[in-house]
Amino acid sequence: MRALICGAGIAGLTLAWHLERAGWEVEMVERAAAFRDGGYMIDFYGPGLQVADRMGSRPRLMEARYPVNELSYVDGAGRRTSHLTLTSGLEEVVSLLRGDLARAIADDVRAPIVYGATVESLEQDADGVSVRLTDGTSRDVDLLVGADGTHSRVRGLVFGDVTPRYLGHQVAAYTVADEKLSRQVGTRYQMLTKPGLMAGAYALRGGRLALLFLRREPDPALSDDPAAALARHFGHLGWILPEVLPRCPNPPELYYDQVTQVEMERWHRGRVVLAGDACQAVSLFAGHGASMAMAGAWILADELAAARGDVPGAAVRYQARMAPAIGEVQRFGRRFVEWMAPSSRWRIAARDLLFRLAALPGGDRLFVSSLSPGGHNLITSRPG
Ligand SMILES: Cc1cc2nc3c(=O)[nH]c(=O)nc-3n(C[C@H](O)[C@H](O)[C@H](O)COP(=O)(O)OP(=O)(O)OC[C@H]3O[C@@H](n4cnc5c(N)ncnc54)[C@H](O)[C@@H]3O)c2cc1C
């Protein structure tokens with residue numbers, strides 16, 4: 001059986017890992033010119049970590065992880081306004097760069113990756129899918145997977161326009177090299193919030209700093225000049241921002257996008273199946289997307305293994321197992337919007353108060369356990 005996976009990200013690589021071990025001939029096509037390292041910091045936990053354990057990847061994740069000993073909010077002068085010291089219950093939350101998670105999976109994937117290309121067009125019948133790539137080559141496969149993220153090209157070709165649900169925010173993330181600021185921020189996740197604005201920083205190894213910017217914006221249209229837009233909205237807020245904003249890179253080093261969730265009635269048509277953010281994006285507010293992308297890829301591989309060649313049947317069962325958990329995580333994400341990026345001063349004050357309560361004995365454990373909505377039993381049971 002042959003599979004072509006469009007998108008060598010978290011879902012695509014996880015699926016390739018499992019399919020090739022089940023005897024499939026797998027190839028991947030990736031739009032980026034080279035492997036996408038770096039990116040933004042993610043908290044990785046829940047069903048994705050269970051999948052990583054089954055793949056034997058945990059030692060690599062532990063090498064790549066960053067310790068986060070404290071979450072703190074600061075004011076424009078860099079003074080801490082509230083904080084939460086994280087001392088316990090953290091073994092099951094791995095903080096690392098998205099690129100490092102992808103690398104940990106990719107290191108054990110043998111499938112060739114065609115970089116700098118995507119799917120140009122496709123045709124399918126009951127026996128297979130003929131795919132034409134933008135590099136002019138063609139493939140005949142038994143399965144085409146669109147694991148190409150929230151703006152999925154495969155989804156567009158098969159389902160036409162699907163408008164993701166816009167959660168009223170735009171997000172930007174990049175890393176800068178700065179020994180001094182990296183030391184200053186240390187093993188804390190520091191954030192500064194003003195109504196509708198959130199900037200966060202975390203120190204990386206090698207004197208680097210990971211930065212995240214979140215802005216409430218009713219208009220989903222993205223700026224043509226993201227660096228200028230970031231400087232305009234965040235440049236006057238103080239803290240480390242005047243030093244890091246002028247060093248904002250251009251895409252692809254800069255991640256800049258709308259915050260969205262993808263909701264679809266069907267994740268598959270015949271032998272074309274979507275995976276990860278392409279069909280189930282939960283958004284950064286849910287904090288669970290990479291984990292759910294790995295869980296979905298594992299379940300798809302699990303169903304394909306049981307289906308003995310019946311790709312459409314496996315796709316139906318994969319969605320049936322995965323979609324309820326995704327709905328739950330997406331609902332959680334929508335409820336979390338106001339806490340991560342409070343829209344008013346009283347919400348900022350309420351959040352600070354909650355942080356102070358969580359700082360009481362045992363509060364950090366409670367805080368960490370509240371991160372894990374949905375998907376608890378995804379990786380253990382295959383319905384008969
Ligand atoms: C700022 C931010 C913070 C986040 N924090 C967390 C967190 O704390 N915890 C968590 O679990 N998740 C988090 N997420 C979500 C998580 O990163 C995603 O849900 C996860 O990466 C989805 O995996 P994926 O494989 O579907 O997509 P991706 O990992 O994005 O991979 C998609 C791949 O497809 C490629 N591609 C795109 N278009 C095409 C095309 N047309 N043709 C070929 N290839 C294409 C891309 O280059 C990429 O390599 C966060 C996301 C963001 C933006």
Side-chain angles (χ1 to χ4, degrees), residues 4-16 28-37 39-49 51-52 68 93-103 105-106 113-120 131 133-135 144-157 167 169-174 189 198 200 202 210-214 251-252 254-262 267 274-297 326 329-330 333 336 340-341 371-375:
L4 179 67
I5 300 174
C6 181
I10 308 299
L13 289 163
T14 305
L15 184 64
M28 309 186 77
V29 56
E30 163 61 48
R31 185 184 55 182
F35 189 82
R36 287 182 56 213
D37 275 307
Y40 40 82
M41 282 293 279
I42 64 170
D43 290 326
F44 184 63
Y45 53 91
L49 197 52
V51 174
V68 181
V93 180
V94 180
S95 300
L96 76 178
L97 288 171
R98 178 209 163 276
D100 288 346
L101 173 60
R103 175 68 71 188
I105 308 165
I113 303 177
V114 181
Y115 284 105
T118 186
V119 172
E120 170 76 46
V131 187
L133 301 186
T134 48
D135 65 4
L144 170 67
V145 178
D148 46 351
T150 47
H151 304 284
S152 172
R153 162 93 183 144
V154 173
R155 184 182 71 210
L157 288 171
L167 297 187
H169 288 76
Q170 298 184 358
V171 60
Y174 60 92
Y189 189 52
M198 191 279 260
Y202 186 80
L211 299 155
L212 178 74
F213 299 88
L214 195 59
L254 168 69
Y255 175 89
Y256 173 58
D257 207 350
Q258 306 156 344
V259 182
T260 56
Q261 294 183 332
V262 174
W267 298 359
L274 301 176
D277 277 2
C279 57
Q280 59 169 53
V282 295
S283 86
L284 71 107
F285 289 122
H288 222 36
S291 178
M292 295 311 256
M294 281 187 80
I326 291 300
V329 176
Q330 289 181 329
F336 197 64
M340 190 161 171
L371 291 174
S372 279

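Keep in mind that what you see is a predicted model, and the values were worked out from it rather than measured. Position 1 is the first residue of the sequence, and the numbers go up from there. Order of listing sets the numbers, starting from 1, for every ligand and every atom in it. FYI, side chains are in, hydrogens and waters are out, and symmetry mates aren't considered; it's all heavy atoms of this structure.
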Is there a nitrogen or oxygen of [X] sitting under 3.5 Å from a nitrogen or oxygen of ligand 1?
X: Leu284; result: no
X: Gly149; result: no
X: Ala275; result: no
X: Ile10; result: yes
X: Arg98; result: yes

For this session: Applying side chain to side chain contact (heavy atoms under 4.5 Å, CB included) between Phe44 and each of Val93, Leu49, Asp100, report the one that passes.
Result: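 So, applying the side chain to side chain contact (heavy atoms under 4.5 Å, CB included) to Phe44 and each of Val93, Leu49, Asp100, only Leu49 qualifies.
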For this session: Apply the side chain to side chain contact (heavy atoms under 4.5 Å, CB included) test between Leu144 and each candidate in Ile5, Val154, Leu157, Val29; give the one that qualifies.
Result: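 By the side chain to side chain contact (heavy atoms under 4.5 Å, CB included) criterion, Leu144 pairs with just one of Ile5, Val154, Leu157, Val29: Val154.
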[atom] [closest protein heavy-atom partner, distance rounded to 0.1 Å]:
atom: atom 11 (O) of ligand 1; answer: Ala290 N, 2.9 Å
atom: atom 31 (O) of ligand 1; answer: Gly9 CA, 3.3 Å
atom: atom 26 (O) of ligand 1; answer: Asp277 N, 2.7 Å
atom: atom 42 (N) of ligand 1; answer: Thr118 OG1, 2.6 Å
atom: atom 37 (C) of ligand 1; answer: Asp148 O, 3.3 Å
atom: atom 25 (O) of ligand 1; answer: Ala11 N, 2.8 Å
atom: atom 48 (C) of ligand 1; answer: Arg36 NH1, 3.0 Å
atom: atom 47 (O) of ligand 1; answer: Glu30 OE2, 2.5 Å

With atoms numbered from 1 as shown, which atoms in ligand 1 lie under 4.0 angstrom from a non-hydrogen atom of [X]?
X: Gly276; answer: 26 (O)
X: Leu212; answer: 1 (C)
X: Ser291; answer: 11 (O)
X: Asp43; answer: 7 (C), 8 (O), 9 (N), 10 (C), 11 (O)
X: Cys6; answer: 42 (N), 43 (C)
X: Arg153; answer: 41 (N)

For this session: For Ala278 and Leu274, work out which heavy atoms get closest and say how close.
Result: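 Closest approach of Ala278 to Leu274, heavy atoms only: O-CD1, 4.2 Å.
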Problem set entry | For Tyr45 against Gly287, the heavy-atom pair lying closest together |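 Looking at all heavy atoms of both residues, the closest pair is OH-O, 2.8 Å.
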Problem set entry | Audit row: Trp267, Val262, side chain to side chain contact (heavy atoms under 4.5 Å, CB included) steps and yes/no | CA-CA 11 Å; Trp267 298 359; Val262 174; over 6 Å; no
For this session: Please state whether the rings of Phe213 and Tyr174 are parallel, tilted or perpendicular, taking 30° and 60° as the class boundaries.
Result: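 Aromatic pair Phe213/Tyr174 classed parallel.
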Check whether [X] reaches the backbone of [Y] with its side chain - one donor and one acceptor, N or O, closer than 3.5 Å.
X: Glu30; Y: Ala8; answer: yes
X: Arg153; Y: Val119; answer: yes
X: Gln261; Y: Val282; answer: yes

Just let me know how [X] lines up against ligand 1, side chain, backbone, both or neither, with a heavy-atom cut-off below 4.0 Å.
X: Phe44; answer: neither
X: Arg31; answer: both
X: Ala147; answer: backbone
X: Met292; answer: neither
X: Ala293; answer: side chain

Problem set entry | Straight-line distance of Thr118 OG1 to Asp135 CG, nearest 0.5 Å |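 Here the interatomic distance stands at 10.0 Å.
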Exercise. In Å, rounded to the nearest 0.5 Å, how long is the span from CD1 of Ile105 to CE of Met294?
Worked result: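 Taking CD1 in Ile105 and CE in Met294, the distance rounds to 4.0 Å.
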Problem set entry | Pair Asp148 + Arg31: basic N to acidic O under 4.0 Å |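 Here Asp148 does not pair with Arg31 in a salt bridge, since their nearest N and O are not under 4.0 Å apart.
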Problem set entry | Evaluation steps, side chain to side chain contact (heavy atoms under 4.5 Å, CB included), between Met28 and Leu13 | CA-CA 9 Å; Met28 309 186 77; Leu13 289 163; 3.9 Å; yes
Problem set entry | Nearest candidate to atom 7 (C) of ligand 1, where distance is taken over non-hydrogen atoms, out of Val119, Ile42, Ile5 |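 It is Ile42 whose heavy atom sits nearest to atom 7 (C) of ligand 1.
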For this session: Please work out which of Tyr40, Tyr255, Phe213 has its closest non-hydrogen atom nearest to atom 4 (C) of ligand 1.
Result: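 Among Tyr40, Tyr255, Phe213, the closest heavy atom to atom 4 (C) of ligand 1 belongs to Tyr40.
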For this session: Starting from the C-alpha separation in whole Å, work towards a yes-or-no answer on side chain to side chain contact (heavy atoms under 4.5 Å, CB included) for Tyr202 and Leu97.
Result: CA-CA 11 Å; Tyr202 186 80; Leu97 288 171; over 6 Å; no
Problem set entry | Full working for side chain to side chain contact (heavy atoms under 4.5 Å, CB included) between Met41 and Leu212 | CA-CA 9 Å; Met41 282 293 279; Leu212 178 74; over 6 Å; no
